[in-house]
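Below you'll find the structure, written out as structure tokens, and then a few comments.
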Amino acid sequence: MIEIERKFLIRSHRYRDEARSRERIIQGFLNTHPERTVRIRIKGDAGFLTVKGKSNETGTLRFEWEKEIDVKDAKALLNLCEKGVLDKTRYEIPVGEHLFEVDEFHGENEGLTLAEVELKHENEPFEKPDWLGEE
């Protein structure tokens with residue numbers, strides 16, 4: 001599967017009022033090699049193992065494979081992850097025909113907030129909400 005996404009900083013927290021959901025996510029990386037990353041994630045009551053390939057030159061396109069795993073296994077695998085396990089709250093915000101995911105980071109990355117939108121093709125147009133900042 002190929003993932004096509006664009007990432008942005010945000011200008012304001014107005015997206016919170018437009019969010020249709022909010023969920024806490026804990027994630028760590030078993031491998032952060034430049035050619036591929038292997039991620040463990042706990043989202044709600046589910047665990048996930050994700051492998052992502054190297055991004056293309058524009059940084060918008062890359063291979064992604066994900067498999068749901070037992071949350072107990074995910075918790076155990078988090079103990080094997082590289083330093084810097086991430087803790088964040090994810091908001092899902094529908095905007096026009098697309099769904100934006102906004103991550104507010106906690107812990108060591110407190111204060112960082114990123115938005116991303118997945119696209120069907122690299123040059124697909126999409127509506128940019130007023131809270132969206134620099135790409």
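Scope of the values below: all heavy atoms of this structure, side chains included, with no hydrogens, waters or symmetry mates.
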Check the pair E135, R6 against salt bridge (charged side-chain N to carboxylate O under 4.0 Å, His left out), reporting the backbone distance first and the verdict last. CA-CA 7 Å; E135 188 166 9; R6 294 185 51 190; 2.7 Å; yes
Verdict with reasoning, I4 to L61, per side-chain contact (heavy atoms from CB on, under 4.5 Å): CA-CA 5 Å; I4 303 169; L61 182 77; 3.1 Å; yes
Atom of [X], atom of [Y] and distance for their closest heavy-atom approach:
{"X": "F126", "Y": "L119", "result": "CD2-CD2, 3.8 Å"}
{"X": "R62", "Y": "K54", "result": "CB-O, 3.5 Å"}
{"X": "A115", "Y": "I10", "result": "CB-CG2, 4.0 Å"}
{"X": "I93", "Y": "Y91", "result": "CD1-O, 3.6 Å"}
{"X": "L99", "Y": "P94", "result": "CD1-N, 3.7 Å"}

Honestly curious: do [X] and [Y] fall in one hydrophobic cluster under the side-chain, below-4.5 Å linking rule?
{"X": "F100", "Y": "L114", "value": "no"}
{"X": "I69", "Y": "I42", "value": "yes"}
{"X": "M1", "Y": "F48", "value": "no"}

R11/D130 salt bridge by N-O under 4.0 Å criterion: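 No, this pair does not count.
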With sequence neighbours excluded, tell me which residues meet salt bridge (Lys or Arg N to Asp or Glu O under 4.0 Å) with R22. none
Under a 4.5 Å cut-off applied to non-hydrogen side-chain atoms, are [X] and [Y] in contact?
{"X": "H106", "Y": "R24", "answer": "yes"}
{"X": "I40", "Y": "L77", "answer": "yes"}
{"X": "V102", "Y": "W131", "answer": "yes"}
{"X": "T50", "Y": "E64", "answer": "yes"}
{"X": "F105", "Y": "D87", "answer": "no"}
{"X": "D103", "Y": "T89", "answer": "no"}

Would [X] and [Y] count as having a side-chain donor-acceptor pair, cut-off 3.5 Å?
{"X": "E124", "Y": "H98", "value": "yes"}
{"X": "E122", "Y": "T58", "value": "yes"}
{"X": "T113", "Y": "E104", "value": "no"}
{"X": "S21", "Y": "E92", "value": "yes"}

I'd like to know if the side chain of N109 reaches the main chain of L112, judged simply by a donor and an acceptor atom lying under 3.5 Å from each other, with no hydrogens or angles considered. no
Quick one: which residue pairs count as a side-chain hydrogen bond (donor to acceptor under 3.5 Å, both in side chains) with a foot in residues 68-81, not counting sequence neighbours? none
Might you work through the salt bridge (charged side-chain N to carboxylate O under 4.0 Å, His left out) test for E3 and K52, ending with a clear yes or no? CA-CA 9 Å; E3 173 186 57; K52 293 188 177 197; 3.4 Å; yes
Please set out all donor-acceptor pairs under 3.5 angstrom arising from side-chain atoms of residues 25-34, sequence neighbours excluded.
{"residue": "Q27", "atom": "OE1", "partner": "R41", "partner atom": "NE", "Å": "2.8"}
{"residue": "Q27", "atom": "OE1", "partner": "R41", "partner atom": "NH2", "Å": "2.5"}
{"residue": "N31", "atom": "OD1", "partner": "H33", "partner atom": "N", "Å": "2.7"}
{"residue": "T32", "atom": "OG1", "partner": "E82", "partner atom": "OE1", "Å": "2.7"}
{"residue": "T32", "atom": "OG1", "partner": "E82", "partner atom": "OE2", "Å": "3.3"}
{"residue": "H33", "atom": "ND1", "partner": "E35", "partner atom": "N", "Å": "2.9"}

So with a 6.0 Å cut-off around CD of E110, is the heavy-atom count from everything else above 12?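 Yes.
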